[in-house]
Structures are given as structure tokens and as C-alpha cells.
Amino acid sequence: MDDFERGRLAKIEALRASGVDPYPVRFERTHDAAAIHAAHAALAPGEETSARVTVAGRIMLHRVHGGVSFGTLRDSSGDIQLFCQRDRLGDGYAAFGDLDLGDWVGAEGEVVRTKKGELSVRCDRVVLLAKALRPLPKEWFGLKDVEQRYRRREVDLAVNPEARRIAVLRSRVVQGVRELLASRGFLEVETPMLQPRPGGALARPFVTHMNALDLDLYLRIAPELYLKRLIVGGLDRVFEINRNFRNEGMSVKHNPEFTMLEAYQAYADYHDMMELTQAIVQHAAPAGEISYQGRPVRLGGEWRRVTMLEAVRDAAGVPDLDYDWPVERMREVCDRTAVPYEPSFGAGRLVTELFEKHVEGTLWDPTFVLDYPKEVSPLARAHRSNPHVTERFELICTGRELANAFSELNDPVDQRRRFEDQARARAAGDEEAMVLDEDFLTALEHGMPPAGGLGVGIDRLVMLLADAASIREVILFPLLRPEGRPATR
RNA sequence: GCCCCCCUAGCUCAACGGGCAGAGCACCGGGCUUUUAACCCGGCGGACCGGGUUCGAGACCUGGGGGGGGCACCA
């Protein structure tokens with residue numbers, strides 16, 4: 001404990017000695033700051049009212065003079081000034097002067113506008129609601145240290161308007177997504193986070209252990225397989241917005257736990273999913289044209305559609321490139337354009353690599369990239385007219401994947417074959433290859449109606465809409481290494 | 001996992017080619033009856049942690065910790 005906290009603790013003892021509870025149990029308030037501003041916007045400087053209000057919030061600024069003092073009180077709706085006079089407050093006046101930045105207080109009085117034009121509550125009662133033991137950075141300077149902003153998000157939220165803006169925006173975006181899906185008859189469901197087999201995506205899982213069953217479990221990498229079992233069960237429009245966990249690298253666009261929307265619609269295909277994706281994003285977005293990192297992004301209207309093959313042909317300058325090319329020829333294109341690959345990659349995987357290296361980062365306005373190769377899409381239905389690819393698209397925007405969707409594979413025999421291909425890849429050393437899920441196959445064997453499925457990275461969607469450069473800005477508590485770990489590992 | 005960069009007071013920032021580490025705000029004491037980052041006077045308070053080089057290290061070397069960015073992997 002430092003001198004600062006010792007001083008605050010002494011203050012608290014003094015308060016208690018004088019009969020003041022520094023942490024009282026409840027407080028009744030009648031107005032928030034925004035309501036007072038809305039009701040008295042027209043009040044002229046120097047004008048008083050008889051409107052009595054009770055407000056509560058945190059002291060953000062404190063201006064203590066000899067016989068009259070001011071405080072800026074903040075609640076979740078905004079700021080309102082407290083105006084205190086010695087004559088009016090009596091003993092309470094000294095107590096007001098003794099408040100510190102960060103203290104929570106309640107205040108009662110009449111609404112007035114001061115001579116200098118600030119709408120205020122002229123207090124005849126000020127109650128300490130919770131005493132702060134640590135100093136709050138003065139908002140003028142803010143909290144800029146990025147590490148502290150993430151570790152101490154409560155302080156970031158208290159003093160940085162931008163942190164509050166993003167937190168509020170995120171909530172509204174998620175709410176918008178829910179609204180759109182609910183309006184179309186989708187049922188929100190929850191499926192297991194602890195899974196005996198990690199499925200539904202190509203990724204490394206976190207492993208944990210359950211003592212009671214002496215069982216290794218995996219934190220889910222995707223809810224996909226469970227959601228499709230609900231489609232099998234006849235819940236024909238379902239969605240889940242929840243956390244996925246992937247034991248992989250962190251970056252400006254990757255956090256080990258992240259929030260995903262997955263939605264499944266019976267009788268639909270990936271064209272329907274494109275329409276749904278566009279509707280969701282356009283409904284959640286605050287405007288048709290937004291700015292991301294200084295560049296405009298056109299979110300309104302119909303989004304561009306291009307097949308992966310076309311995109312790669314253009315970017316690599318190989319107009320006749322096709323999936324039936326011999327692998328050797330495909331590798332030459334990779335070599336020539338400096339795209340690395342593994343010997344195990346087939347033509348489909350090589351085209352995907354070319355796409356990711358040459359095209360993905362260049363797509364700024366939202367673009368649907370269609371028809372992903374079978375080799376990289378083990379859960380997607382084969383294309384109705386092209387045997388090399390699946391009916392799958394990704395939505396790319398600002399050079400990043402925002403969504404991934406397909407006409408779902410509902411043929412249990414084909415699905416089993418795809419899992420077996422994955423098993424071979426895993427045996428060959430691909431740790432991210434999918435594990436065969438017998439429960440899922442059994443479900444498909446009961447019959448799954450044709451369906452479209454969609455996944456949207458909610459964090460990335462919020463990044464885009466909030467103009468945030470890093471995923472950590474849109475996750476309230478992003479993963480950080482713990483501080484002060486011992487030197488031994 | 002690899003590469004580059006960063007870490008000075010509670011917060012925001014200085015200074016110095018190695019020579020007693022500064023400011024504003026916060027906090028404490030005093031003054032002030034309409035302030036807006038209130039102001040005035042006085043005070044308290046610090047080099048991420050460890051080792052080395054040096055007469056002397058916050059600065060140079062080295063090990064560790066944490067963070068940022070990039071690459072790899074992925075969404």
C-alpha cells in the first residue's frame with residue numbers, strides 16, 4: 001500500500017468516526033444527466049427553476065473555491081454539473097470539498113443554469129455513495145498507455161470516451177444482428193462450449209479436463225456441428241452468438257476467444273445466405289457508407305460477387321488457370337508469384353493459397369468470394385455444377401474475412417468421405433485437420449434438409465463499424481499475459 | 001514460434017554525447033461565494049526486475065518480465 005491509499009483509508013476512518021457511511025447500501029435517484037439536459041435545454045444563463053432532481057454518478061472533475069464549489073458528475077447518460085454553496089449546504093459543504101475524483105456520489109437539489117451557462121443541480125444534499133481508494137486519471141489527460149487500457153478496462157471506460165463509444169456500439173451491433181434474425185423467424189439457441197471432440201472448423205483447440213468423468217474436453221472451436229443437428233431435429237431456423245476458442249496466434253485481428261454468429265436456415269442455399277449476410281450487416285451498420293482507417297467503405301447497395309477462381313486468374317495473370325490443371329503447373333504459378341505451399345497441397349488448396357496471398361488483402365468494399373475448393377471445405381456441399389468446388393463463399397471486407405457460409409453438406413455418405421480425407425491429412429501432420437465426428441454423421445443419417453449456413457465474426461464486424469484498428473479495442477477484456485509472472489517457466 | 005520497437009511519479013509528458021531526475025495534473029496543507037483542465041502559495045511522490053561495465057548507470061552491455069507492430073498460423 002502506498003501513501004496515497006493510506007491517505008484515503010484515513011479519510012474513510014474519519015468519515016466513519018463522524019457517522020458517515022462511506023459505502024451506503026442504496027440510493028434513490030429521479031433523473032439521469034441526459035434527462036435533465038433534455039428537460040431544461042432552454043434555460044437561460046443565471047436562470048433558476050423549482051424543478052427538484054436527485055442524481056447519482058461519479059465525480060470526474062472537482063473545482064473547489066472558498067464559498068462555492070463545482071463538481072462534474074457523470075452517469076451512464078452523460079455529465080451534469082453539481083453546484084454547491086456554503087450557505088446552502090452547511091456542514092455538507094466541507095464534505096463536498098473533501099470528495100476526490102472517482103468517488104461516487106448522489107446529490108439532490110434544484111435545476112439551475114449558472115451565470116456562465118452551465119446547466120447544474122444546485123445541491124442542498126450531497127451523499128457519498130462509494131469512496132475511491134485509488135486515483136482516477138484526470139479525463140483531460142486520459143489513460144493512453146495501451147497496456148493499462150486493456151488491463152484496467154474499467155479505468156479506460158471511466159476516462160476515455162472512445163472506449164465507451166466502442167462498448168456501446170458493440171452492444172448495439174449485436175442487438176441489431178439479433179433483431180434482424182428474430183424478424184426472420186430464427187430461434188436463438190445455445191450449444192456446448194465443452195466438447196468431447198472439437199469440430200466444425202479447421203483450428204487447434206484448447207484442451208481441458210473434467211475430474212468427475214475423468215474426461216478430456218475441448219473448448220469449442222465452432223458450434224457448427226451441434227447447430228446442424230438442430231436442423232436435423234426440425235428447428236429449421238436457428239442461430240447462436242457466442243464465444244469460440246482457438247489455440248492459435250494472437251494478432252491485431254485474432255484473440256484466442258472471439259465471438260461468432262452462426263445461423264442455419266433449412267431449405268436455403270448459399271445464395272440465400274449471401275442475401276442474409278448482406279441484410280444482417282446492413283441492418284447492424286450505422287450508415288451505408290462508413291470510413292475505416294481513413295478509407296471509405298461502401299456498405300450499402302448490392303455487394304460484388306466473384307468466384308475465387310476468377311479472382312485468382314486476374315490477380316496471378318493466368319486467365320486459363322483451372323482446377324483440373326496438373327499440380328505441377330499450379331505449383332509453378334505459386335513459385336513464380338512467391339506463394340509457399342506444402343507438398344501435400346492439391347490443386348484446390350493451391351488456388352486457395354494464391355487467393356489468400358494475392359487477392360484477399362486487396363478487397364476493400366464488401367465482396368462475396370464464391371465457390372471455395374472442396375479440399376478446403378469439408379463441411380460444404382459440392383457445387384451443383386462444378387465438381388471441383390463447393391457452394392461456399394466468404395465475405396471479404398477491408399482485406400479481411402468477415403463471414404463464411406455455404407450450402408450445407410447434408411449427404412451423410414459424402415460427409416463421411418470428406419472426414420476420411422481430413423483424417424488422412426491429419427495423419428500426414430496437419431494438426432488443424434478435422435476430426436471425424438460419429439455423432440454428427442449419425443445425425444446426418446437421420447436426414448438433414450437442404451440448408452444454408454452462415455458464420456460471421458462479430459468482433460471483426462464491430463472493428464469495421466467502430467473503425468477500430470485492433471480486435472483488442474472491441475473486446476472489453478482481451479487476453480494479455482498476466483503481469484509479474486515469476487522468472488521461472 | 002521468429003523479427004523490430006517501447007517501458008521515467010497515480011495520470012500525461014520532459015531533460016541529459018554516463019555526473020544530485022523535472023513539469024503539469026492528481027494527492028496533502030493554506031487562501032478564495034459562479035467555476036469549466038478554476039486559480040494562487042507551500043508540500044509529498046519516480047527510472048519494469050536482476051546481473052555486469054564504470055570513480056559514477058534511468059542512459060552502455062547482459063538475462064528476465066510486460067506491451068506494441070510485423071511475419072508465421074488462423075477467423
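Protein chains get the first letters and strands the later ones, always in sequence-line order, with residue 1 at the start of each. This structure is a prediction, so every number in the text was calculated from the model and none was measured. Below, each value reflects all heavy atoms present in this structure, side chains not excepted, and no hydrogens, waters or symmetry copies.
- Remark: the separation of the P atoms in B/C40 and B/A23 is 15 Å, to the nearest Å.
- Of the residues in residues 57-67 of chain A, those with a non-hydrogen atom less than 4.0 angstrom from any atom of RNA chain B are A/L61, A/H62, A/R63, A/V64, A/H65, A/G66, A/G67.
- Considering only residues two or more places apart in sequence or on other chains, A/K11 meets the side-chain hydrogen bond (donor to acceptor under 3.5 Å, both in side chains) condition with A/D100.
- Among the heavy atoms of the strands, none lies under 4.0 Å from A/R134.
- Atom OH of A/Y150 is separated from atom P of B/G66 by 17 Å (rounded to the nearest Å).
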- Take nucleotides 6-12 of chain B nucleotide by nucleotide from the 5' end and write B, S or -, depending on whether a protein heavy atom sits under 4.0 Å from the base, only from the sugar-phosphate, or from neither. ----SSS

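- Along RNA chain B, the nucleotide closest to A/Q85 and the one closest to A/L99 are compared, and the more 5′ of them pairs with A/L99.
- Each of A/Q265, A/K228, A/R392 was scored for a side-chain hydrogen bond (donor to acceptor under 3.5 Å, both in side chains) with A/E408, with one residue passing: A/K228.
- At a threshold of 4.0 angstrom between heavy atoms, the contacts of A/F83 include nucleobase atoms, whether or not backbone atoms are also involved.
- If you check every strand for non-hydrogen atoms under 4.0 Å, A/N247 touches nothing.
- The side chain of A/E147 sits closest to B/G67 out of B/A75, B/G67, B/U34.
- With C1' as the reference atom, B/G30 and B/G18 are 42 Å apart, rounded to whole Å.
- Spacing of P atoms, B/U12 relative to B/G50, comes out at 23 Å, to the nearest Å.
- Whole-Å rounding puts the A/W140 CH2 to B/C25 P distance at 13 Å.
- Every residue two or more places apart in sequence or in another chain that forms a side-chain contact (heavy atoms from CB on, under 4.5 Å) with A/A403 is listed here: A/T277, A/L395, A/L454, A/V456.
- Judged by Watson-Crick or G-U wobble contacts below 3.5 Å, the nucleotide B/A37 has no partner.
- Comparing the C1' positions of B/C7 and B/C49 gives a spacing of 12 Å, expressed to the nearest Å.
- Residue contacts for A/D459: at a heavy-atom cut-off of 4.0 Å it reaches no nucleic acid atom on any strand shown.
- Between A/R460 and A/L480, the residue anchored closer to the 5' end of RNA chain B is A/L480, taking for each the nucleotide with the nearest heavy atom.
- The same atom, C1', is picked in B/C48 and in B/G58; the two are 11 Å apart, to the nearest Å.
- Within 4.0 Å (heavy atoms only), A/E394 reaches no atom of the nucleic acid at all.
- Checked against side-chain hydrogen bond (donor to acceptor under 3.5 Å, both in side chains), A/K138 has no partners two or more places apart in sequence or in another chain.
- The gap from the C1' atom of B/C13 to that of B/A9 amounts to 11 Å, rounded to the nearest Å.
- The phosphate of B/G69 has OP1 or OP2 within less than 4.0 Å of a side-chain N or O from A/R472.
- A search for side-chain hydrogen bond (donor to acceptor under 3.5 Å, both in side chains) contacts involving A/R426 returns nothing, not counting sequence neighbours.
- Regarding contacts with the backbone of B/A75, a side-chain N or O of A/R246 is found under 4.0 angstrom from either OP1 or OP2.
- Computed from coordinates, the A/R152 CZ to B/G67 P distance equals 14 Å when rounded to whole Å.
- Within the structure, ring-ring contact (aromatic ring centres under 6.0 Å, His included) contacts touching residues 75-133 of chain A (residues at least two apart or in different chains) are A/H62-A/F96, A/F70-A/F83.
- Comparing B/G46 with B/C27, their C1' atoms sit 15 Å apart, to the nearest whole Å.
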Interface polar pairs with nucleotides 70-73 of chain B, N/O, under 3.5 angstrom:
unit_1	atom_1	unit_2	atom_2	d
B/C73	O2'	A/E432	OE2	3.1

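- Residue pairs meeting the ring-ring contact (aromatic ring centres under 6.0 Å, His included) criterion with at least one member in residues 129-151 of chain A, sequence neighbours excluded, do not occur.
- By the 30° and 60° cut-offs, the orientation of the rings of A/F355 relative to A/Y372 is perpendicular.
- Note that CG of A/L409 and CZ of A/R381 are 8.5 Å apart. Values are rounded to the nearest 0.5 Å.
- Pairs of residues two or more places apart, or lying in two chains, never qualify as salt bridge (Lys or Arg N to Asp or Glu O under 4.0 Å) while including a residue from residues 83-96 of chain A.
- Taking atom C1' in both B/A59 and B/G52, the straight-line distance is 15 Å, to the nearest Å.
- In this entry B/C60 has B/G52 as its Watson-Crick or G-U wobble partner, both defining distances falling under 3.5 Å.
- The interatomic distance linking A/L101 (CG) with B/U36 (C1') rounds to 14 Å, in whole Å.
- Within the 4.0 angstrom heavy-atom criterion, only backbone atoms of the sugar-phosphate kind lie near A/E401; the bases stay farther away.
- Here CE of A/M60 is found 7.5 Å from CG of A/D79. Values are rounded to the nearest 0.5 Å.
- The interatomic distance linking A/Q81 (CD) with B/U34 (P) rounds to 13 Å, in whole Å.
- Counting to the nearest Å, the P atom of B/U33 and the CZ atom of A/F96 are 16 Å from each other.
- Evaluation of the salt bridge (Lys or Arg N to Asp or Glu O under 4.0 Å) test over residues 150-162 of chain A, restricted to residues two or more places apart or in two chains, returns A/E147-A/R151, A/R149-A/D156, A/R151-A/E483, A/R152-A/E154, A/R153-A/D156, A/E162-A/R165.
- Not counting sequence neighbours, A/S76 has no partner by the side-chain hydrogen bond (donor to acceptor under 3.5 Å, both in side chains) test.
- Using Watson-Crick or G-U wobble geometry with both donor-acceptor distances under 3.5 Å, B/C2 finds its partner in B/G70.
- Going from atom CZ of A/F186 over to atom CD of A/E240 covers 14.0 Å, rounded to the nearest 0.5 Å.
- Here A/R151 does not reach the OP1 or OP2 of B/G66: none of its side-chain N or O atoms lies under 4.0 Å away.
- In this structure, A/D103 places its CG atom 14 Å from P of B/A26, rounding to the nearest Å.
- Regarding A/R6, its CZ atom lies at a distance of 12 Å from the C1' atom of B/C44, rounded to whole Å.
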